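Comments concern the structure below.
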Amino acid sequence: MRPIGGRLAGLGYRDGVPLTDPGLVARMRPFASTIFAEITALATRTGAINLGQGFPDTDGPTTLLDAAVAAIRGGANQYPPGPGVPELRTAVADHQRRFYGLEVDPETEVLVTAGATEAIAAAVLALCEPGDEVVTFEPYYDSYAASIALAGAQRRTVPLRVPEGPDGPDQREFGFDEARLRAAFGPRTRLVLVNTPHNPTGKVFTRAELELIGALAAEHGAVVVTDEVYEHQVYDDRVHVPMATLPGMAEHTLTISSAGKTFSVTGWKIGWVHGPAPLVAAVRAVKQFLTFVSGGPFQPAVAGALGLGDEFYLGLVAELQRKRDLLAAGLDAAGFEVFTPGGTYFVVADARGLGFDDGVDLCRRLPELAGVAAVPVSVFTDDKEASRSLVRFAFCKRDEVLGEAAERLGRLAGRRTSR
Ligand code: PMP
Ligand code: GLN
């Protein structure tokens with residue numbers, strides 16, 4: 001008889017031996033909580049303005065909201081088909097043709113997922129054997145590391161850094177070293193996981209950079225998985241280049257995106273992945289046992305939104321670019337060194353000028369010090385030192401909220417000098 005109760009109750013057994021630590025498998029222990037949940041809970045507890053977790057504080061297009069209500073009222077409340085409702089798969093294919101000239105078969109080459117997060121996890125789980133390697137860039141979106149660990153695979157990261165130079169930080173872009181990228185590839189490389197536009201740095205990968213990544217992937221027989229959830233949030237004169245549009249790349253690329261960021265509905269968790277039919281079938285095989293399906297009434301609503309006119313997409317860029325500039329100016333005035341992002345709705349800033357060299361410590365104290373919450377960049381890296389003083393702020397908020405946050409952060413400098 002196994003003893004029950006006491007300190008160990010609920011922890012379970014492995015190989016007949018009572019567990020003395022939480023039952024979470026070792027490879028997932030570094031991922032027991034997420035920085036987004038932690039910082040949002042802190043912001044809620046302290047009443048701070050939450051520029052940590054990336055979610056807009058306004059709703060998406062009214063037509064989209066109305067379409068979801070109508071779908072619920074119209075009875076779209078049972079399981080949708082496994083691959084996603086046909087109108088959304090068709091809308092994804094139409095979107096890829098309209099914006100990028102890609103030809104995608106909605107029947108066999110598109111899969112609807114529970115957000116981009118599920119698409120990423122299912123792709124990694126479907127394609128990696130334990131011990132396989134995944135090349136990605138750091139800082140990386142947190143779910144990449146967790147999905148790779150879940151699969152028992154290994155990440156090989158390539159650092160994104162801002163080169164030192166005479167130009168101001170707003171003129172300097174995050175980039176990577178070609179030799180470091182080449183060195184990350186090896187005989188066990190199975191996947192390359194690329195995020196452009198990139199969270200948290202705001203980097204928009206150039207065509208030349210993507211060509212190099214694609215060429216190395218092809219040379220090593222690796223599949224490229226691209227996370228393009230910020231595809232419609234690209235500023236100034238930059239353009240978003242999907243990896244699948246590069247010559248020869250569509251055959252070994254899985255392209256992932258989602259409705260959350262484009263249509264300001266992060267809670268709906270409607271995402272998709274498209275690519276060659278055999279790769280999409282592999283992802284679908286895993287996805288069936290993660291969620292099977294999700295978001296029945298939201299799927300047709302998103303299908304309609306993807307077809308919104310150019311004025312919607314152009315308006316989104318114009319509005320977010322203005323917000324980017326608003327927050328960047330506020331951070332600059334407050335004494336941060338700001339790295340102006342080319343895309344996404346995040347801005348990374350260095351807190352050293354304010355006397356803070358530890359971003360993790362600063363983000364834990366920022367709600368109390370300034371009534372604002374942000375996330376430290378180093379939690380998204382393996383090399384913590386390189387990004388120790390960097391902090392990420394989200395600017396997908398109403399102007400008055402950004403203005404108030406900037407004003408509060410402005411008092412931070414006064415606080416330091418008055419110490
Ligand atoms: N990838 C990146 C780079 C993200 O920032 C996010 C958060 N939107 C996701 C994936 C997850 O997207 P979703 O909410 O659609 O799962
Ligand atoms: N993608 C969002 C961000 O980077 C957060 C998503 C989450 O909370 N997991 O802020």
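Since we're looking at a predicted model, the values are computed, not measured. Ligands are counted one by one from 1 in listed order, and the atoms in each one are counted from 1 as well.
- Close approach of ligand 1 to Val229 is summarised as follows: ligand atoms under 4.0 Å from at least one heavy atom of the residue are 1 (N), 2 (C), 4 (C).
- Remark: among candidates Ala116, Gly267, Gly54, the nearest residue to atom 13 (P) of ligand 1 is Ala116, based on non-hydrogen atoms.
- Counting heavy atoms under 4.0 Å from ligand 1, residue Lys261 touches it through the side chain alone.
- Under a 4.0 Å N-O distance rule, the pair Glu319/Arg324 does not qualify as a salt bridge.
- Inspection of the Thr113 and Glu118 side chains reveals no N or O donor paired with an N or O acceptor under 3.5 Å.
- Using a 4.0 Å cut-off between a side-chain N of Lys or Arg and a carboxylate O of Asp or Glu, Arg98 and Asp310 qualify as a salt bridge.
- In this structure, atom 16 (O) of ligand 1 lies nearest to the protein heavy atom Thr117 OG1, 2.5 Å.
- A salt bridge links Glu103 and Arg97; the closest N-O separation between the charged side-chain nitrogens and carboxylate oxygens is under 4.0 Å.
- Pairs passing the salt bridge (Lys or Arg N to Asp or Glu O under 4.0 Å) check and including a residue from residues 62-72, sequence neighbours excluded, do not occur.
- Remark: among candidates Tyr141, Trp268, Trp272, the nearest residue to atom 9 (C) of ligand 1 is Tyr141, based on non-hydrogen atoms.
- Within the 4.0 Å heavy-atom criterion, neither part of Glu118 lies near ligand 1.
- Side-chain contact between Glu228 and Pro242: present, with at least one pair of heavy atoms (C-beta onward) separated by less than 4.5 Å.
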Please produce the table of protein N or O atoms sitting under 3.5 Å from N or O atoms belonging to ligand 2, one pair a line, distance to 0.1 Å.
| unit_1 | atom_1 | unit_2 | atom_2 | d |
| --- | --- | --- | --- | --- |
| ligand 2 | 1 (N) | Tyr141 | OH | 3.3 |
| ligand 2 | 1 (N) | Lys261 | NZ | 3.2 |
| ligand 2 | 4 (O) | Asn199 | ND2 | 2.9 |
| ligand 2 | 4 (O) | Arg392 | NH1 | 2.9 |
| ligand 2 | 8 (O) | Gln53 | NE2 | 2.6 |
| ligand 2 | 9 (N) | Tyr141 | OH | 3.4 |
| ligand 2 | 10 (O) | Gly54 | N | 2.6 |
| ligand 2 | 10 (O) | Arg392 | NH2 | 2.7 |

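- The existence of a salt bridge linking Arg398 and Asp57 is confirmed by a sub-4.0 Å separation between a basic side-chain nitrogen and an acidic carboxylate oxygen.
- The closest side-chain heavy-atom distance from Leu254 to Thr226 is not below 4.5 Å.
- Side-chain contact between Tyr345 and Asn199 is absent, with no heavy atoms from C-beta onward closer than 4.5 Å.
- For atom 14 (O) of ligand 1, the closest non-hydrogen atom of the protein is Lys269 NZ, 3.2 Å.
- Ligand 1 has no N or O atom lying under 3.5 Å from any N or O atom of Thr266, backbone or side chain.
- For the side chain to side chain donor-acceptor pair (under 3.5 Å) with Glu133, the lone residue among Gln154, Arg155, Arg156 that qualifies is Arg156.
- Of the protein's non-hydrogen atoms, the one nearest atom 5 (O) of ligand 1 is Tyr230 OH, 2.6 Å.
- Heavy-atom contacts of Asn199 reach the following atoms of ligand 1: 3 (C), 4 (C), 5 (O) (cutoff under 4.0 Å).
- Glu231 and Ser257 form a side-chain donor-acceptor contact under 3.5 Å, judged by distance and modelled atom types alone.
- Close approach of ligand 1 to Asn195 is summarised as follows: ligand atoms under 4.0 Å from at least one heavy atom of the residue are 3 (C).
- When all heavy atoms of Phe346 and Pro200 are compared, the pair lying nearest together is CB-O, 3.9 Å.
- Protein heavy atom at the shortest distance from atom 1 (N) of ligand 1 is Asp227 OD2, 2.5 Å.
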